[in-house]
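Please read the structure below before turning to the comments.
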Amino acid sequence: WCSGPAQQINGTDSNAEVVNLVYLDINHFAKGVEIVEAAIYRLTGKIETGKSVNLMILIASFCLCLSFLYKLSHFSTAKKWLIAALASFNPVTIAQLSTYCVDGFMASVFLCLFVLFGFILMEQNKNYLYLLGLLIMISVNIKYTSLVYTALFCAGFLVLLLVRKNRALCKKVFYASLISASLGVFFIGFHPYVTNLISTNQVFSGLKETRNEIYNITPSLFRDKNRFEKLFISLATHSDDQAAEKESLKETLKVPFSINKQELLNANEPELKLAGFGPFFSGALLLSFIILFLIAGGSSKEMIFKNGLVALAIILLSVFIIPDSWWARFVPQLWLVPVIALLLAEFLPLPRGRILRVLLYAAIGMNVVWASLGIFYNIIVSSHIQYQLTQLKTLSQPISVEYCAYRPFKSNHLRFDEYNIHYIEKKTEGKYIYNVIHSNTKFETTERLPDLPKPWLMMLNEKIKGGDPE
């Protein structure tokens with residue numbers, strides 16, 4: 001699943017194989033989500049079905065958020081559904097719905113965690129503590145940073161309870177968090193956390209190598225900047241990885257709420273490095289800070305405002321402690337900043353409140369719409385992949401497959417297996433050589449791929465591209 005292509009053992013039976021050690025460093029990382037995905041794949045036999053966990057947690061976060069808003073009984077039904085959608089449809093989550101990346105999953109879990117904190121503040125219910133424990137056990141096993149974030153969020157909530165002098169509740173939350181975190185790390189997460197400590201004397205083994213890899217792909221414009229400067233530039237530029245390749249900072253920055261064609265095309269990119277929350281997120285943040293400043297003028301002593309500020313402070317602290325917070329997928333919780341500002345604007349008096357609220361709704365919503373374009377794009381790509389696999393199956397002959405050294409997409413062989421396409425792995429040198437759609441994998445056939453009736457989505461995509469002047 002994670003270890004890459006197998007290798008033969010020299011001097012032994014030719015059929016004997018071992019795992020390729022080049023890929024083994026990933027085994028040091030938390031993989032709670034991947035284990036569930038692998039189990040779903042094992043159950044269905046379809047590699048794409050493992051990604052369904054992303055949709056499950058997205059729906060769960062939406063429903064939990066909606067339930068919380070119904071308990072508040074402050075909004076109209078339409079606003080409850082809209083706010084729940086804006087909070088849960090994080091662009092990072094949407095972009096990674098059809099991938100095996102876990103950052104979007106992490107964003108949904110964190111939303112559930114913050115909503116649950118709200119439930120616990122609202123009423124005493126032991127079921128909330130059980131749910132908190134389950135969320136913590138899941139969260140600490142998503143990735144290394146999720147363990148740090150979860151500890152910070154829970155610690156911040158405990159401090160809030162202490163400040164509010166709710167010691168009895170603080171004690172219950174503390175024990176629930178401590179027990180669930182212990183189970184999550186030492187039992188459920190025995191591998192990798194404990195095994196890392198035993199084998200390498202480091203809990204976060206492989207982190208240094210990962211940091212080096214991130215540095216290598218960091219835009220040159222960012223390398224001499226501190227974390228705050230990098231975050232500001234990333235938020236204030238276009239949703240385009242090439243934006244940081246400009247010669248000067250002035251050329252890199254953009255006017256808030258502006259958008260260009262390339263940003264629309266980048267909506268499908270699950271690992272977009274710059275302005276990954278969408279082309280209008282910088283504008284949403286700007287509006288959020290204006291709204292918070294105006295609310296503070298007349299409602300700074302309101303308890304709900306204080307609670308909102310604590311939540312914002314915890315989120316921003318979690319963002320600032322990460323050296324590479326400029327990459328949206330590393331700090332998906334930043335999406336909640338304008339959402340919390342919107343909630344406060346609905347609850348508390350705000351000068352010119354109607355106009356500012358509408359603008360903030362629109363700014364957050366346009367980012368969600370932008371990210372949703374990627375879903376349509378991925379459906380088109382999927383139809384193209386299925387068409388190509390159908391072409392190969394129609395040939396009814398073995399094919400030669402060659403995996404690229406960089407990001408080999410070894411899992412493509414699972415697609416071949418699902419379509420009963422026979423293949424051998426060797427260098428492609430013939431006349432008819434093709435690339436697997438959206439992949440580095442090459443394959444060779446003895447004759448040209450047959451022309452078959454194309455899916456309507458594929459024809460629509462070709463029509464759109466045909467109409468593009470470029």
* Please report the C-alpha distance between Y361 and E346 in whole Å, then the side-chain angles of each, then the deciding distance to 0.1 Å, and finally whether the side-chain hydrogen bond (donor to acceptor under 3.5 Å, both in side chains) criterion is met. => CA-CA 11 Å; Y361 272 113; E346 288 286 359; 2.6 Å; yes

* **For the student: nearest non-hydrogen atoms of Y387 and P453, plus distance** => CE1-O, 3.7 Å

* **Residue from F29, F330, Y149 passing ring pair (Phe, Tyr, Trp, His ring centres under 6.0 Å) with Y144** => F29

* To do: Assert yes or no for the condition that the ring centre distance of F320 to F228 is strictly below 6.0 Å.
  => yes

* To do: Compare all side-chain heavy atoms of F105 with those of L58 and state whether any distance is below 4.5 angstrom.
  => no

* To do: Report the relative orientation of the aromatic rings in F62 and F89; use parallel for angles under 30°, tilted for 30 to 60°, perpendicular for over 60°.
  => parallel

* To do: Using the side-chain contact (heavy atoms from CB on, under 4.5 Å) rule, take L272 and S239 through it: C-alpha gap first, then chi angles, then the decisive distance, then the call.
  => CA-CA 7 Å; L272 189 63; S239 298; 3.8 Å; yes

* Asked: Does the N54 side chain pair with the main chain of L97, one donor and one acceptor, at a distance under 3.5 Å?
  -> yes

* Asked: Listed by chain and number, what are the side-chain hydrogen bond (donor to acceptor under 3.5 Å, both in side chains) partners of Y434, not counting sequence neighbours?
  -> none

* With side chains defined as the heavy atoms from C-beta onward, is the minimum distance between I364 and F281 less than 4.5 Å? -> no

* Asked: Using the ring of each side chain (for Trp, its six-membered ring), is W326 parallel, tilted or perpendicular to F222, with breaks at 30° and 60°?
  -> perpendicular

* List the steps, then state whether ring pair (Phe, Tyr, Trp, His ring centres under 6.0 Å) holds for F119 with F68. => CA-CA 7 Å; F119 273 119; F68 177 70; 5.3 Å; yes

* Asked: Between K51 and E37, does a salt bridge (Lys or Arg N to Asp or Glu O under 4.0 Å) hold up when you go through it step by step?
  -> CA-CA 6 Å; K51 302 171 184 177; E37 292 168 339; over 6 Å; no

* To do: Given side-chain hydrogen bond (donor to acceptor under 3.5 Å, both in side chains), test N378 with S98 step by step and report yes or no.
  => CA-CA 7 Å; N378 282 316; S98 59; 3.2 Å; yes

* Polar contact flag, side-chain donor to acceptor under 3.5 angstrom, T446-Q397 -> yes

* Under 4.5 Å between any side-chain heavy atoms of S288 and L360, yes or no? -> yes

* Donor-acceptor contact present, side-chain T195 to main-chain P192, <3.5 Å -> yes

* Asked: Do Y128 and L116 touch side chain to side chain, with heavy atoms closer than 4.5 Å?
  -> yes

* Asked: Would one find more than 12 heavy atoms of other residues, nucleotides or ligands at under 6.0 Å from atom CZ of F232?
  -> no

* Just by modelled atom types, is the E263 backbone N or O under 3.5 Å from a matching donor or acceptor in the W370 side chain? -> yes

* To do: Decide yes or no on salt bridge (Lys or Arg N to Asp or Glu O under 4.0 Å) for K393 and E418, but give the supporting numbers first.
  => CA-CA 10 Å; K393 187 175 182 179; E418 288 175 15; over 6 Å; no

* Asked: Between N412 and T441, is any side-chain donor less than 3.5 angstrom from a side-chain acceptor?
  -> yes

* Step through the shown structure and confirm whether more than 12 heavy atoms of other residues, nucleotides or ligands are within 6.0 Å of CG on D224. => yes

* Which distance, rounded to the nearest 0.5 Å, do you find between the OG of S325 and the NZ of K230? -> 8.0 Å

* Before giving the answer on salt bridge (Lys or Arg N to Asp or Glu O under 4.0 Å), spell out for D103 and K143 the whole-Å C-alpha distance, their side-chain angles and the decisive distance to 0.1 Å. => CA-CA 9 Å; D103 311 285; K143 56 192 299 187; 2.6 Å; yes

* Measure the shortest side-chain to side-chain distance between S146 and V140 over non-hydrogen atoms and say whether it is less than 4.5 angstrom. => no

* Asked: Quick one: are K273 and I217 in side-chain contact, heavy atoms under 4.5 Å?
  -> yes

* Working to the nearest 0.5 Å, report the span between OG of S108 and CG of L55. => 10.0 Å

* Asked: Side chain of N435, backbone of S439: donor and acceptor closer than 3.5 Å?
  -> yes

* To do: Kindly indicate whether the side chain of S318, heavy atoms from C-beta on, has any atom under 4.5 Å from the side chain of F153.
  => yes

* Asked: With a 4.5 Å limit on heavy-atom distance, are the side chains of L69 and L343 in contact?
  -> yes

* Kindly confirm or rule out a cation-pi arrangement of R223 over Y215, judged by NZ or CZ under 6.0 Å from the six-membered ring centre and within 45° of its axis? => yes

* Asked: Hey, does the side chain of K254 reach the backbone of P279 with a donor-acceptor pair shorter than 3.5 angstrom?
  -> yes

* Structure fact -> Taken to the nearest 0.5 Å, the spacing of I83 CD1 from S88 OG works out to 11.5 Å

* Asked: Going through the distances and angles, do E444 and K427 end up as a salt bridge (Lys or Arg N to Asp or Glu O under 4.0 Å)?
  -> CA-CA 9 Å; E444 175 190 343; K427 186 173 180 61; over 6 Å; no

* What's the spacing between N226 CG and E229 CD if we round to 0.5 Å? -> 4.0 Å

* Asked: Is the number of heavy atoms from other residues, nucleotides or ligands under 6.0 Å of Y130 OH greater than 12?
  -> no

* Neighbour count above 12 (heavy atom, 6.0 Å) for H422 NE2 -> no

* Rounded to the nearest 0.5 Å, how far does CD1 of I188 lie from CD1 of I35? -> 10.0 Å

* Spacing of CG belonging to L336 relative to CG belonging to L342, to within rounding of 0.5 Å -> 12.0 Å

* Asked: Just by modelled atom types, is the I40 backbone N or O under 3.5 Å from a matching donor or acceptor in the T44 side chain?
  -> yes

* Asked: Does any N or O in the side chain of S234 come within less than 3.5 Å of the main-chain N or O of A275, such that one atom is a donor and the other an acceptor?
  -> yes

